[in-house]
Each structure stands twice: as structure tokens, then as C-alpha cells.
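Basis for what follows: all heavy atoms, side chains included, without hydrogens, waters or symmetry-related copies.
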Amino acid sequence: MTLRIVRRALALQRAPLGAELHPVLERAYAARGVRSSSELDISLERLLPVGTLAGVAEAVSLLLAHRLSGRVLVIGDFDADGATSTALMVRAMRAWGFASVEFLVPNRFHFGYGLTPEIVALATQSAPTLIVTVDNGISSLAGVAAARAAGIEVLITDHHLPGAQLPAANAIVNPNLTDSRFGSPALAGVGVAFYVMAGLKRRLDAQGMLAPHIPGVAEYLDLVALGTIADVVPLDLNNRVLVSQGLKRIRAGRCVAGIRALLQVAGRSRADMTAADLAFAVAPRLNAAGRIDDMKIGIECLLADAEADALALAARLDELNAERRSIEVRMQADALTAVKRLHEKSLRQLQRSGVCLYDESWHQGVVGLVASRIKERLRRPVFAFARADAQSLRGSGRSIAGVHIRDVLDSIAARHPDLIVKFGGHAMAAGLTLEPEKLERFARAFDEEVGRCLGPALGADCIETDGELEVEEIALHTASALRAGGPWGQAFPEPCFDGVFLIRSARIVGERHLKMWVELPRSGRAFDAIAFNYIDADGGAQLPEGSAQLVYRLDVNDFKGERRLQLLIDHVLPCAPVAIATGAV
């Protein structure tokens, strides 16, 4: 596939966002739809009111009924969003006088996802009076029914899209319910947990149940920031407030010991960290527990209060992450080989709108990462499958802008009712279970349905940038302004730029990364640049030379205490004309 650059459009007439803003940052904001300076206010006061999230009041009443004499069991998901949601709920309720609060997280290899009847059977051994799900449960009809039959009340807090039927829980909080009027359906699971705990603290304070010195829900914004970034949900204004405020707390050291320990083992500085540090350093280590072993390790790390305990658990998570990387590299090489075989087999097949990949030897805990890597390579929605047991395959999918992958699965289920055993997810990521003999049918149906979503104009070959920078704008002060202008993330992407550079030197460092010295023609200026993971898992890449079109981001590289400008290269492309996006944003 030949990639082409499309520069984001700017409104021809737009109001200035503030005289104090760096002009490059102001352009980036405008290209992301920011229309007024008020939209740049990400103070806590800008959060959507707790009372506007339907179900919170009912959830709080249910929780209070179990506060003094009940036994609350929080059941989370086995990813970073689920782990942070679980830790937030457990920490808050224990701090606010609940007599008994424990947690249970399904081992993905034994129980699969969600509140299943099997998990309920395991949960009954601790005799809970209330089960609270976090980041799961909205599709757990059978599990909720089993809990209610056992005399256990159920509170569901989730953000995944509901099916046609809701489970018969005592209370449900989910911003994506059909009748929801909440202003931010993009909340992660940990964001939903935050809102429920905010409502709980407000009720406790109003009824005089807590001493004035007891910390409020803002104490847990570090967990909210980590879970929100890790789950790659859209960073609308409400999520940007949550993440920004959480990052401030982490930088100031006002975070749980587990996050400090994870940053330490990852070699990241807490004082000037960004959302990218959470995404690429902390979240993968936390997620590794659920992918390779048991997310209980990750949750215990986030619940640890003693620095030594947190550091020991973080070290174990770091080991699991190294193991995860090793498995992923092998699986990615297998997947790239399969993609090449597709190309050799039929040019038509490479034009698939949606791609499905499967290997009998693949590890089910890592297929989501493989799907993500291949999606980035093909720029198409991808499902990667692994064997779950003798009767089923488990698939994890990742999507591209413009294709809501959970809706795709919903449409497939409607057109082919016998095809999918179960599924769930959201816009950019989803999972499903299939019978092995139905994989080929699903692959065809997935390709067809993604094709319907995309229509005739497949934009998979497009790379959006914020345009070309003037030579004086490629500077440390610009990089610093952009770093401070975040948080950046899904649907509010970090600014990237394009331009023609002359590659003066190029070499491989760290086995897979491309280190370069690049010069801007006719300027007399050259820059340090690096392209991470430039070498594919199969080693198939050549060192670039001569002139090239680079897509890059500006980074502040703190090297031995000296701050330097570095270009982070996302794409190295042949020189070609660049398109300008049409229409005002």
C-alpha cells in the first residue's frame, strides 16, 4: 500500500484562542475542533455534574445498604481499565467506612470475560451480599441471573455498549445506555467508577457519615488518568479534564505507590511525565499481568500502600511485560508472514476491508496486541484469533477511524445469528468467541461489513498531519509548548507534522529502532531523529537514504539533565505531493 499524507483542514476564519498560546499549538487545537478558549479550561470545575449520569443515585443507595453490615465484592476486568476501576472502588469504599470490601478478577484463561455464572459460583464462596462489576457486566445476562438466584444483589458499572437486552441487575450505571443523556459517552470503565464513587462521597458527606478530614474522590484521579489512557477511549473535554487532573497529581507525587513503582521500573521521570508515559510505559506493564498471568498482581500493586511492596509487585509486572514482548514479537512475525501470503495468493485479498488472522500456536493473552500492530501496518480493521479451548476461538479486534468495530459485530450477529457465540467492546476495540469451524465464514462477513462501513472511498492509505512547520518552528520551545498543551490521545491526537528532509546518516540502535541525522533543505539546520520499532519483526526493512518525506512529532529529550529537541519519526516515505483536507473543521 502506498501511503499518502493529508493535512488537517483549518477554518478559514477562526477566533484566536489566546494571545499567550504558541501559534503552532493554537493551530493544532483549531484543527481538532477547539473553537473557544473556554474549551481549553480543563480544571475540575469543568467536569460534567455527577447527577447527570443516570443510575448514580440508585447505585449509591444500593451501596449504602451494604456499607455497615454487608460484604461487597468488586469484580473487575483483566485489563488496565478494569484494574484501575477495581483499585479505585476498593480504596474508596474502604476509606469511607465500608465494613467489608474485597475484589475478584476473572483469570482470562479459565473464566473468560465478564460476570459469568462460573465467576458467580466462585464469588459465592466468600458469601458477598453485593457484587459490583467494574468495566464489565452490561452483557452478563446469565451471570447476573445466577447472582440474583443466589440471593446476591448486583450493581453494574460499565462503559461498553449494551445489547438488545439488559441484565436484571439491581442498578446499572453506563453512559452508553440507549436512554442516557450524559454528555460524555466516551467515559472509560474507571471514569464510570469515579462518577459512582463521587456520588457516594457526596451522599456520605450530606448525611454526615464521614469526618471532614476524610479524602474525597479527587484523591483517586491518578487511577482515573491511567485507566482512561490505557483503554484508548476518545479524549473529549470531560476525559481530558480527568486525565489532566490525574497527571497533575502524579507529577506532584500524590499518587498511589503502585503508579510510582511502575514509573520507576519503566525508567520514566514522574515530575515531567505525560499521557504518553502512561500509555507506553505504565499501562503495558499493568496489562501484562492480565495477558500473561493473573491481573490480581496488577490490582495488588495499585492497592499497595508500602513503597517496598509496590516496588516488588511492579518488578514482577516488569518481568511479565518482558515475557509478553517476547511472545508478541514471535506472533507478530507469524502474522506478517500470513499477510505476505495473502498478498502472494491474491491481490484482491489484500484489498480486504477487514482482515482476520489465526494461528494455532498463538497466545490468547496477546492477540489484541498483534491485531493492533497489524492494523497499524495494513491501516485496516483487524481481528487476531487464538485457541481458547477445544470448542472455541477467542478473537481480539482493533479498528481504524470511521469504523465502529463493536457495531460491525452487532451487524454481523444480526445478519448471521448462528455465527458468533458472544461479543462485546466499543468503537476501537472488541472481542468475540467463535466456534473454530466458523472462522472462515466470520472472516468473509467481517470483510463485507467493514466494507459497508467504509463505503467506496477507503481512507486506509491516508496519514493525517498538522502540515509543514517553518524552520524556526522546529525548535525546543515548540516541543515544550506542545507537551504542555496535552493531554493528547484517542480522538485528540498529538500534533504531528510532515516535510521533506535530507537523511544525512541512519543506523539501527536497540535492534529495531532507526536513529537518524536529518537536514531541512536550504535551511542549514539538521536535527536528531529516531523512528522506534522501524525494523519489522521479520527484519524486513532497509536503511533510508537521500531525500524523504518524514511524518514526525516534536519531542523534548532529557539527556543527562540537558533538554534537547528530538524528532520522533512516525513514517519515512518517498517524496510525493501532499493533499490538503477540504472543508473547514
Side-chain angles (χ1 to χ4, degrees), residues 66 70-83 85-86 89-90 100-163 165-172 174 189 287 289-300 363-368 385-396 409 413 420-425 430-436 438:
H66 296 264
R71 295 175 59 85
V72 179
L73 182 65
V74 180
I75 297 184
D77 189 15
F78 38 66
D79 65 0
D81 189 15
S85 305
T86 301
M89 283 267 196
V90 172
S100 175
V101 182
E102 302 298 333
F103 75 89
L104 175 65
V105 59
N107 184 299
R108 76 193 304 159
F109 309 113
H110 298 146
F111 294 102
Y113 169 80
L115 184 67
T116 61
E118 293 78 12
I119 280 294
V120 171
L122 181 62
T124 56
Q125 296 176 15
S126 60
T129 59
L130 173 66
I131 285 176
V132 181
T133 71
V134 289
D135 193 32
N136 75 95
I138 199 62
S139 59
S140 300
L141 276 66
V144 170
R148 299 296 301 277
I152 305 169
E153 294 192 297
V154 180
L155 165 60
I156 289 175
T157 75
D158 200 354
H159 71 123
H160 295 95
L161 296 175
Q165 181 181 353
L166 294 177
N170 298 81
I172 298 176
N174 186 329
N287 271 324
R291 297 187 188 281
I292 302 298
D293 194 328
D294 189 336
M295 184 47 91
K296 183 179 179 181
I297 303 169
I299 296 171
E300 287 176 341
H363 190 293
Q364 62 174 294
V366 189
V367 285
F385 288 87
R387 176 74 67 169
D389 52 47
Q391 290 77 39
S392 62
L393 302 178
R394 193 161 293 144
S396 188
L409 295 181
I420 302 175
V421 175
K422 59 181 179 179
F423 67 92
L432 80 158
T433 301
L434 283 179
E435 296 170 8
K438 295 180 179 178

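Listed here is the closest heavy atom pair of Val90 and Glu102: CG2-O, 4.4 Å. Taking every heavy atom of both residues into account, Ala289 and Gly298 meet most closely at CB-N, 4.0 Å. Contact between Ser85 and Gly189 at its shortest, heavy atoms only, is OG-C, 3.3 Å. The shortest non-hydrogen separation linking Pro106 to Gly76 is CD-O, 3.0 Å. Of all the heavy atoms in Ala390 and Pro436, the pair that sits closest is O-CG, 4.3 Å. A pairwise comparison of heavy atoms in Ala123 and Ile131 identifies CB-CD1, 4.3 Å as the closest pair.
With values rounded to the nearest 0.5 angstrom, Ile420 atom CD1 is found 5.0 Å from Leu409 atom CG. Expressed to the nearest 0.5 Å, how far CG of Leu73 lies from CD1 of Ile75 amounts to 4.5 Å. Atom CG of Leu115 and atom CG of Asp77 lie 12.0 Å apart (nearest 0.5 Å). Interatomic distance, CD1 of Ile156 versus CG of Asn174, reported as 9.0 Å (0.5 Å rounding). Note that NZ of Lys422 is 7.0 Å distant from OG1 of Thr116, once rounded to the nearest 0.5 Å. For the atom pair Asp79 CG and Asp81 CG, the distance stands at 5.5 Å (nearest 0.5 Å).
Every residue two or more places apart in sequence or in another chain was checked for a side-chain hydrogen bond (donor to acceptor under 3.5 Å, both in side chains) with Arg71, and none qualifies. With sequence neighbours left out, the side chain to side chain contact (heavy atoms under 4.5 Å, CB included) criterion links Leu161 to Asn176, His404, Arg406, Asp407. Annotation: side chain to side chain contact (heavy atoms under 4.5 Å, CB included) contacts of Ser139 (sequence neighbours excluded): none. With sequence neighbours excluded, the residues satisfying side-chain hydrogen bond (donor to acceptor under 3.5 Å, both in side chains) with Ser392 are Asp389. Partners of Arg148 according to the side chain to side chain contact (heavy atoms under 4.5 Å, CB included) rule, which considers only residues two or more places apart in sequence or in another chain, are Val144, Val154, Asn170. Ala386 is linked by a side chain to side chain contact (heavy atoms under 4.5 Å, CB included) to Trp362, Gln364, Val367, counting only residues two or more places apart in sequence or in another chain. Residues satisfying the side-chain hydrogen bond (donor to acceptor under 3.5 Å, both in side chains) test with Ser140, not counting sequence neighbours, are none.
Within a 6.0 Å radius of NZ in Lys438, more than 12 heavy atoms belonging to other residues, nucleotides or ligands are found.
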- prompt: Given Ile292 and His363, is the side-chain contact (heavy atoms from CB on, under 4.5 Å) satisfied, shown in steps?
  reply: CA-CA 9 Å; Ile292 302 298; His363 190 293; 4.2 Å; yes
- prompt: Are Thr86 and Met295 close enough, and set up right, to give a side-chain contact (heavy atoms from CB on, under 4.5 Å), and what steps lead you there?
  reply: CA-CA 11 Å; Thr86 301; Met295 184 47 91; over 6 Å; no
message: Quick one, Phe423 with Leu434, criterion side-chain contact (heavy atoms from CB on, under 4.5 Å). Give me CA distance, side-chain angles, the key distance, then yes/no.
response: CA-CA 9 Å; Phe423 67 92; Leu434 283 179; over 6 Å; no
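Pairs of residues two or more places apart, or lying in two chains, that qualify as side-chain hydrogen bond (donor to acceptor under 3.5 Å, both in side chains) and include a residue from residues 126-136 are His66-Thr129, Asp135-His159.
Judged by distance alone, with hydrogens and angles left aside, the side-chain atoms of Asn287 form a donor-acceptor pair with the main-chain N or O of Ala80 at under 3.5 Å.
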